[in-house]
Amino acid sequence: MKTYTIDAENSITAFASKQEAGEGESFSSQEELASLVADWPVDRLIEVWNGIPGLTPVKKFTDRKSAVSRIWKAIQSQDGGSPTEADSTAPTAAKKAERAPKAAKKAKHAAKAKPIKTAKGKRAKAGGKPAVARDGSKKAEVLGLLQRKGGATLAQIMKATGWQAHSVRGFISGALGKKMGLKVDSVRREDGERVYTLVG
């Protein structure tokens, strides 16, 4: 099953598996996408939609549920898949899927990550300028927790973000460690609880 990641610049990347994704904000189904964006401002969902090439830009969505549904179907079309059901609210995405060349539908190089380019064209690159956390974002929230004296436990981060344990670990190693170049210390206390602290 393909896994998608979305970064702070709203760039979506498709991976052949969850293991390859290795990032914090990832999803493999429409339900997981809905859970991931549950606390996002609606403006960010609009930015995500407007950043997917070939789609008609929007200024607003009817509601969060329809936004998630349309975004999910659009990235399936972009990634060479096809939407599971016809969506009358997004005829553009459906038409794009029908017109997609057959070559795009074949999963060549399934082991390699396939970026879904956005209009902004910004992607974090290894060794490049470190990414900056957007105010009010989950990234900024996690950084705030890690900067506290004594750091934050895995349970505290999970509660603050609503993420599962594997998502928190992936986010710390991927988004903070690899993308932002930050060093996060991880220690297991005597009570068995894992504590993360930002170093430096």
Side-chain angles (χ1 to χ4, degrees), residues 3-15 18-52 60-61 63-65 67-68 71-72 75 113 115-116 118 120 122-126 128-189 191-200:
T3 297
Y4 302 88
T5 62
I6 184 162
D7 62 22
E9 299 295 333
N10 299 324
S11 296
I12 299 173
T13 306
F15 292 87
K18 210 169 192 74
Q19 288 76 21
E20 286 180 25
E23 300 286 334
E25 297 191 315
S26 65
F27 56 95
S28 302
S29 67
Q30 185 173 325
E31 291 75 24
E32 287 181 15
L33 174 60
S35 175
L36 175 67
V37 305
D39 297 327
W40 286 10
V42 178
D43 289 349
R44 187 172 181 194
L45 294 175
I46 294 169
E47 284 180 26
V48 171
W49 173 269
N50 291 342
I52 300 174
K60 65 178 183 176
F61 286 111
D63 54 41
R64 187 178 296 271
K65 186 176 178 183
V68 169
I71 290 169
W72 174 253
I75 62 174
I116 297 175
T118 62
K120 290 184 179 180
K122 294 179 183 174
R123 294 198 57 74
K125 293 179 182 173
K129 189 177 178 183
V132 179
R134 192 178 74 252
D135 285 342
S137 67
K138 294 271 179 88
K139 185 183 285 185
E141 195 173 350
V142 173
L143 282 171
L145 290 170
L146 298 181
Q147 288 170 336
R148 297 185 313 186
K149 186 177 180 181
T153 65
L154 178 61
Q156 289 170 332
I157 300 170
M158 287 169 65
K159 184 177 179 182
T161 59
W163 294 341
Q164 294 180 3
H166 70 274
S167 295
V168 172
R169 289 191 292 268
F171 177 80
I172 288 171
S173 71
L176 301 186
K178 294 175 187 173
K179 288 191 175 183
M180 295 184 76
L182 300 174
K183 182 161 175 52
V184 179
D185 194 24
S186 170
V187 178
R188 188 179 291 278
R189 293 192 313 213
D191 63 2
E193 186 71 65
R194 184 161 294 282
V195 180
Y196 295 95
T197 314
L198 199 59
V199 179

Spacing of E141 atom CD and L145 atom CG [to the nearest 0.5 Å]: 6.5 Å

Separation between CD1 of I71 and CG of L45, rounded to the nearest 0.5 Å: 5.0 Å

Nearest-0.5 Å distance, CZ of residue R194 to CZ of residue R169: 8.5 Å

Inter-residue atom distance M158.CE - H166.NE2, 0.5 Å rounding: 9.5 Å

Sub-4.5 Å side-chain heavy-atom contact between L146 and L182: no

Atom of G151, atom of T197 and distance for their closest heavy-atom approach: CA-OG1, 3.9 Å

V37 backbone acceptor or donor facing R64 side chain under 3.5 Å: yes

Atom pair OG (S167) and CG (L36), whose distance is rounded to the nearest 0.5 Å: 8.0 Å

Test item: side-chain donor near acceptor, S26 and T5, under 3.5 Å: no

E193 atom CD: more than 12 heavy-atom contacts under 6.0 Å: yes

Worked check of side-chain contact (heavy atoms from CB on, under 4.5 Å) between Y4 and E32: CA-CA 10 Å; Y4 302 88; E32 287 181 15; over 6 Å; no

From OG1 (T13) to CD1 (I75), nearest 0.5 Å: 10.5 Å

Given L176, L154, V187, the one that forms side-chain contact (heavy atoms from CB on, under 4.5 Å) with Y196: L154

Where T3 and S28 come nearest, the two heavy atoms and their spacing: OG1-OG, 3.0 Å

Nearest heavy atoms of K139 and A175, plus distance in Å: CE-CB, 4.4 Å

Heavy-atom donor-acceptor pair, K138 side chain to T161 backbone, under 3.5 Å: yes

Stepwise salt bridge (charged side-chain N to carboxylate O under 4.0 Å, His left out) check, D191 with R189: CA-CA 5 Å; D191 63 2; R189 293 192 313 213; 3.0 Å; yes

Side chain proximity check, W40 to I6, heavy atoms < 4.5 angstrom: yes

